[in-house]
Amino acid sequence: MSVRCRFAPAPSGSLHVGNVRSALFSWLWARHNGGAFVLRVEDTDTSRVTEEAFLGVLEDLRWLGLDWDEGPQVGGPNAPYRQSQRGDHYDESLATLLAAGHAYRCYCSAEELEERREASRSRGEAPGYDGRCRSLATEQIAAYEAEGRAPVVRFRMPDGEQVIHDLVKGEVRWAAGELRDFVIVRADGSPVFLLAVAVDDLAMGVTHVVRGDDLLAAAPRNVAVIEALGGTPPVYAHVPQVVGPDRKPLSKRHGSTSVQAFREQGFLPEAMVNYLALLGWSPGDDRERMTRDELIVAFDLSRVSSNPAAFDTEKLTWLNNHYIQSLDDDDLAARCVHFLVEAGVGVDPVVLRQAMPLVKERMKTLAEVVELLRFLFSDDIELNDKAMGILAKAPDGYLKAAAGALDACPGWDAEQISHALDGLAQGAGLNRTKGWQPIRAAVTGSNVSPPLPESLALLGRERTLERVRAAEG
RNA sequence: GUCCCCAUCGUCUAGUGGCCUAGGACGCUGCCCUUUCAAGGCGGAAGCACGGGUUCGAAUCCCGUUGGGGGCACCA
């Protein structure tokens with residue numbers, strides 16, 4: 001049987017990197033096995049779902065290159081792929097479960113349940129549902145109905161020990177009676193996650209469920225429902241949570257951990273995918289920088305680590321720089337445009353393209369292109385403090401001499417500019433560092449810039465001279 | 001409270017009883033290269049949570065302790 005993996009996010013706007021890693025592992029496993037990757041959106045909680053949030057999730061996955069074979073915008077034999085549109089499937093399964101006695105109506109009110117939970121808690125017992133409505137007499141049901149109570153539907157957990165053979169966690173057991181009967185349909189008739197997931201995984205022929213280990217305890221419940229429906233449960237792989245630097249599960253508290261935030265900061269999808277793949281998984285050898293195809297070949301769910309991994313932006317950043325360096329100049333320039341425009345910097349595409357070799361090993365994120373190259377596209381140069389300091393320390397008349405030397409430079413390419421600058425520095429008795437910094441400060445407004453001669457060559461002689469002369473005063 | 005999961009450098013990891021004087025990577029750090037900043041090259045510091053076993057031998061197996069995390073919802 002061919003492998004079918006799925007990713008089933010709640011539509012949250014933008015996925016956070018922990019979710020994305022689950023999606024990535026699921027996708028890698030599908031691709032590794034030449035199987036299918038199914039996307040299903042868990043939007044049963046219709047009250048808080050917006051169309052924008054739904055589209056945001058799809059956008060994130062597309063940007064990362066995690067393509068799906070079945071799902072929203074793509075279709076497939078099991079459409080629709082939004083749980084909010086699959087009510088008839090749940091109704092049908094519910095009828096089956098009820099008819100076979102695998103589920104029953106529970107009339108306990110929220111207050112009654114809470115009261116009994118507290119009582120068992122104070123007795124030191126597990127606080128779950130006590131099974132009171134498991135086998136109600138007909139008269140009792142009639143009495144509840146007469147009271148106007150609206151029942152929920154609970155799933156009757158099978159007796160006996162429950163065992164999950166998890167690809168990551170190994171064999172996990174729950175003693176008989178530990179897993180209580182849980183609600184599968186609310187009093188208002190809407191299906192709960194635990195029903196919807198089981199019904200959908202079964203209907204969609206999912207063979208492997210890869211998800212966060214916060215859902216580990218849901219697995220035996222999922223299995224029980226699927227088996228009650230006469231199906232064969234999938235294999236589960238519960239990957240550990242991604243945690244923040246403080247070792248707490250990733251949340252809003254850790255700031256911008258959404259895919260969208262990383263994208264806006266100028267991280268490449270190639271870097272995100274590579275980094276996330278390494279978070280909790282390794283190929284078993286020393287490889288770290290791996291292409292998408294290499295990851296697909298090497299990926300193995302059984303090699304996923306079973307302990308939580310801390311998200312390390314530093315390492316992501318290192319990989320991002322690596323991928324920026326590996327892009328060809330046209331590609332890199334195209335990706336930079338957005339960030340320059342966003343920063344209000346007008347761009348000359350030809351010059352931008354020519355500037356790429358100067359900045360690619362200096363950029364940790366695409367967003368940094370703005371500070372690196374602003375001086376090329378804007379003549380409105382503001383000197384930073386260090387630049388002012390450098391200019392203040394330059395010998396008297398040095399900038400005037402610089403203007404003269406550059407004006408006299410026979411040709412305007414990096415090599416000849418470099419030669420002219422050397423002549424200038426030597427004439428003033430300065431080494432390159434001391435001799436070139438004032439020019440850098442005057443022209444770029446900063447003590448730090450891409451290589452100077454190449455930068456001046458791109459800037460052009462006239463604009464260079466204007467800035468050097470302006471800095472004199 | 002109870003059940004479950006987890007525990008190798010600061011971080012991600014390799015390691016599945018002898019190959020471990022615990023390997024790699026990020027970060028940190030020294031040197032080299034160098035027009036600034038990077039990038040790059042070559043070095044360095046840094047770890048098996050603790051306590052008991054099992055074994056000729058344990059990072060690796062078992063038990064316990066401690067410390068994290070998750071479940072026990074008409075949330076997903």
Side-chain angles (χ1 to χ4, degrees), chain A residues 8-10 12 42-45 48 83 106 108-110 113-114 117 120-129 150-154 164 166 168-170 172-175 178-180 182-188 190 192-194 196-197 211-218 221 238 240-241 243 245 247-249 275 278-289 303 305-319 321-322 325 358-364 368 372 386 390 418 421-422 425 431-437 439-441 444 446-453:
Chain A
S12 58
E42 314 227 310
D43 56 354
T44 46
D45 193 356
R48 54 203 306 190
Q83 289 188 332
C106 169
C108 299
S109 69
L113 290 170
E114 184 52 37
R117 255 198 295 273
S120 54
R121 201 188 291 269
S122 62
R123 270 180 273 124
E125 294 166 9
Y129 181 66
V152 299
V153 178
R154 284 185 188 272
I164 293 293
D166 191 274
V168 174
K169 303 285 183 182
V172 185
R173 296 167 176 278
W174 286 265
E178 223 158 71
L179 271 7
R180 308 302 181 82
F182 51 91
V183 173
I184 53 178
V185 176
R186 301 183 183 97
D188 68 3
S190 63
V192 172
F193 159 83
L194 285 166
V197 173
R211 55 168 33 168
D213 71 359
D214 51 328
L215 258 17
L216 181 58
R221 299 180 171 100
H238 287 92
Q241 305 277 75
V243 298
R247 301 249 116 214
K248 305 283 184 200
Y275 176 71
L278 256 25
L279 200 60
W281 173 81
S282 88
D285 51 40
D286 286 342
R287 284 180 298 166
E288 295 227 296
R289 298 191 283 210
R303 285 195 56 85
S305 165
S306 51
N307 51 315
F311 191 86
D312 180 11
T313 309
E314 300 268 24
K315 188 154 185 173
L316 203 213
T317 302
W318 166 73
L319 272 172
N321 174 259
H322 163 73
Q325 289 193 55
L358 306 186
V359 296
K360 55 165 44 169
E361 71 229 22
R362 275 165 252 266
M363 271 194 279
K364 304 236 184 264
E368 288 175 3
L372 248 11
K386 295 247 175 79
I390 288 166
S418 176
L421 289 174
D422 279 342
N431 61 21
R432 269 189 171 179
T433 302
K434 289 251 159 81
W436 289 23
Q437 279 299 78
I439 316 301
R440 188 189 311 280
T444 70
S446 170
N447 54 313
V448 175
S449 83
L452 193 56

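Below, chains carry the letters A, B, ... as their sequence lines are ordered, and counting in each starts from 1.
For A:E42, the listed nucleotide lying nearest its side chain is B:A76; candidates were B:G1, B:G70, B:A76. Among B:C74, B:A76, B:G24, the nucleotide with an atom closest to any side-chain atom of A:A187 is B:C74. In the set B:U35, B:A76, B:C26, the nucleotide with an atom closest to the side chain of A:L194 is B:A76. Distances from the side chain of A:L113 to the nucleotides B:U13, B:C6, B:C74 place B:C74 closest. Listed nucleotides B:G69, B:C4, B:C74 differ in distance to A:K248; the shortest reach to its side chain belongs to B:G69. Distances from the side chain of A:R117 to the nucleotides B:G23, B:U35, B:C74 place B:C74 closest. Closest to the side chain of A:V183, out of B:A73, B:C12, B:C72, is B:A73. With distances taken from any side-chain atom of A:A310 to the nucleotides B:C26, B:C12, B:A76, the minimum falls on B:C12.
A straight line from CG of A:L179 to C1' of B:C4 spans 10 Å, rounded to a whole angstrom. Between A:L279 atom CG and B:A25 atom P there is a gap of 19 Å when expressed in whole angstrom units. The OH atom of A:Y275 sits 12 Å away from the P atom of B:G27 (whole-angstrom rounding). Rounded to whole angstrom, the span from the NZ atom of A:K434 across to the P atom of B:U34 amounts to 18 Å. As a whole-Å value, the separation of A:R180 CZ from B:C3 P is 12 Å. In this structure, the CH2 atom of A:W174 is 15 Å from the C1' atom of B:U2, given to the nearest Å. Between A:E178 atom CD and B:G1 atom P there is a gap of 16 Å when expressed in whole angstrom units. Taking atom CG of A:L319 as the reference point, atom P of B:C26 lies 9 Å away to the nearest angstrom.
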Apply side-chain contact (heavy atoms from CB on, under 4.5 Å) to the pair A:L319 and A:E288, showing each step before the final yes or no.
CA-CA 9 Å; A:L319 272 172; A:E288 295 227 296; over 6 Å; no
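If you take atom P in B:U11 and the same atom in B:U34, they sit 38 Å apart, rounded to whole Å. One P atom belongs to B:C32, the other to B:U13, and the distance between them is 36 Å to the nearest Å. Across the C1' atoms, B:A59 and B:C50 are found 14 Å apart, a figure rounded to whole Å. Going from the P atom of B:G51 to that of B:C9 covers 16 Å, rounded to whole Å. The gap from the C1' atom of B:C31 to that of B:A14 amounts to 29 Å, rounded to the nearest Å. Comparing the P positions of B:G10 and B:C48 gives an interatomic distance of 8 Å, to the nearest angstrom. For the C1' atoms, the distance linking B:C6 with B:U65 amounts to 15 Å, nearest Å. B:G64 and B:A7 have their C1' atoms separated by 15 Å, with the value rounded to a whole Å.
The shortest distance between side-chain heavy atoms of A:R432 and A:S418 falls below 4.5 Å. The shortest side-chain heavy-atom distance between A:Y275 and A:W318 does not fall under the 4.5 Å cut-off. Using a 4.5 Å heavy-atom threshold, the side chains of A:V243 and A:K248 count as separate. When side chains are defined from C-beta on, A:P240 does not count as touching A:N307, because their heavy atoms never get closer than 4.5 Å. Looking only at side-chain heavy atoms (C-beta outward), A:P451 and A:W436 stay at 4.5 Å or farther from each other. At a threshold of 4.5 Å between non-hydrogen side-chain atoms, the residues A:K386 and A:V448 do not count as touching.
Here A:P249 lies in heavy-atom contact (under 4.0 Å) with sugar-phosphate atoms only. Using a 4.0 Å heavy-atom criterion, one finds that A:L215 contacts the bases of the nucleic acid, with or without backbone contacts as well. Among the atoms of the strands shown, only primed sugar atoms or phosphate atoms (P, OP1, OP2) are found under 4.0 Å from some heavy atom of A:P308. Looking at heavy-atom distances under 4.0 Å, A:G435 makes no contact with the nucleic acid at all. Nucleic acid contact class of A:E288 (heavy atoms, under 4.0 Å, all strands): base. The residue A:R287 sits apart from the nucleic acid: no heavy atom pair falls under 4.0 Å.
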Contact letters for nucleotides 36-45 of chain B, in which S counts primed atoms plus P, OP1 and OP2 and B counts the base, heavy atoms under 4.0 Å
BBBS------
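A donor-acceptor contact shorter than 3.5 Å links the side chain of A:R180 to the backbone of A:G128.
Where A:D285 and A:A217 meet RNA chain B, the nucleotide closest to each residue was compared, and A:D285 sits on the side nearer the 5' end. Comparing A:D286 and A:R432 by the nucleotide of RNA chain B that holds the closest heavy atom to each, the one mapping nearer the 5' end is A:D286.
No salt bridge links A:R186 with A:D188; every basic N to acidic carboxylate O contact stays at or beyond 4.0 Å.
The shortest distance between the side-chain N/O atoms of A:N307 and the OP1/OP2 oxygens of B:U8 is below 4.0 Å. For the pair A:R154 and B:C74, the criterion of a side-chain N or O lying under 4.0 Å from OP1 or OP2 is met. One finds a side-chain N or O of A:R303 lying less than 4.0 angstrom from the OP1 or OP2 phosphate oxygen of B:G15. Between A:R247 and B:G10, a side-chain N or O to OP1/OP2 separation shorter than 4.0 Å is absent. Phosphate contact (OP1/OP2 of B:A76, side-chain N/O of A:R186, threshold under 4.0 Å): present.
Pairing for B:C20 is absent, with no Watson-Crick or G-U wobble pair whose two atom distances lie under 3.5 Å. Here B:U55 sits opposite no nucleotide as a Watson-Crick or G-U wobble pair (both hydrogen-bonding atom distances under 3.5 Å). Of the nucleotides present, B:A25 is the one that pairs with B:U11 by Watson-Crick or G-U wobble criteria, both distances under 3.5 Å. A 3.5 Å limit on both hydrogen-bonding distances identifies B:C32 as the Watson-Crick or G-U partner of B:G40.
For the atom pair OG1 of A:T313 and NZ of A:K364, the computed distance is 13.5 Å after rounding to the nearest 0.5 Å.
Using a 3.5 Å distance cut-off with no hydrogens or angles, the side chains of A:E361 and A:Q325 do not pair a donor with an acceptor.
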